Amino acid sequence: DTAVSQTPKYLVTQMGNDKSIKCEQNLGHDTMYWYKQDSKKFLKIMFSYNNKELIINETVPNRFSPKSPDKAHLNLHINSLELGDSAVYFCASSQGGAFDEQYFGPGTRLTVT
Amino acid sequence: DAKTTQPPSMDCAEGRAANLPCNHSTISGNEYVYWYRQIHSQGPQYIIHGLKNNETNEMASLIITEDRKSSTLILPHATLRDTAVYYCIVRVSNGNQFYFGTGTSLTVIP
């Protein structure tokens, strides 16, 4: 069983579109995260939720809106996509406090054309 | 959170120990040292973490100097599958930041 799964794995879309990336974890963890890895391979935290509540919200454009329907899911919705949004987005989860041992998903490669 | 400094790349012969250094000279007393790695095109993988004492698990050992200003991740018998980018991260317990930095690209050579 996959511990942290993301869909889709690849996403190609045009500027201005709205898209969502889904994440699910079956580890029973309380905390989930979204990270962005840009073309230079810098990996940066975007959001973190603990038991469906937002606990970390980095300086991210408000076009990005995370939603956690339950503690096993953390989805990322992006409005009005821009070229600079092209990146690999990783979901992760951990038990307990923020940034304890994290388990990462396989990533979603988003390409905006 | 303290910043870390790692060499950009290293090579290691297969079967030998890989010793990956990390400097964190501005680390505070309540900051942990974490190590993750990222194999090409995959999500990062947790390896180990520690505060003051040396730590060992099934993947690696973490040696932290007494002054805590540097640490070394040791992969005791490197295999080709250990080729990856290794990230050293320090964070405050219950802190809300986690900087991955640029890491060390380790290449294990047959």
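Each chain gets a letter, A, B and so on, in the order its sequence line appears, and its residues count up from 1. All values reported here derive from a predicted model rather than from experimental measurement.
- Contact annotation: the side chain of A:E101 approaches that of B:Y46 to within less than 4.5 Å [non-hydrogen atoms, C-beta and beyond].
- Taking the six-membered ring for Trp, B:F100 and A:Y35 have ring centres closer than 6.0 Å.
- Counting only heavy atoms from C-beta outward, the side chains of B:Q38 and A:F90 approach each other to under 4.5 Å.
- In the hydrophobic cluster analysis, where Ile, Leu, Val, Met, Phe, Trp and Tyr join through side-chain heavy atoms closer than 4.5 angstrom, A:W34 is grouped apart from A:Y103.
- Hydrophobic clustering (side-chain heavy atoms under 4.5 Å, transitive across Ile, Leu, Val, Met, Phe, Trp, Tyr) groups A:Y33 together with A:V88.
- Applying the 6.0 Å contact sphere to NZ of A:K71 captures more than 12 heavy atoms from other residues, nucleotides or ligands.
- When side chains are defined from C-beta on, B:F98 counts as touching A:Q102, because their heavy atoms get closer than 4.5 Å.
- Here B:Q42 contributes atom CD and A:F104 contributes atom CZ; the two are 13.0 Å apart, rounded to the nearest 0.5 Å.
- Heavy-atom contacts from other residues, nucleotides or ligands closer than 6.0 Å to CZ of A:R63 number more than 12.
- Cluster membership for A:M46 and A:L110, using ILVMFWY side-chain heavy atoms within less than 4.5 angstrom, is shared.
- Summarising the local packing, CZ of A:F47 is surrounded by more than 12 heavy atoms from other residues, nucleotides or ligands at distances under 6.0 Å.
- Note that OH of B:Y87 and NZ of A:K41 are 8.0 Å apart. Values are rounded to the nearest 0.5 Å.
- Here the OG1-CG distance, from B:T102 to A:L43, works out to 12.0 Å after rounding to the nearest 0.5 Å.
- Contact annotation for A:Q37: only side-chain heavy atoms (C-beta onward) come within less than 4.5 Å of a heavy atom of chain B.
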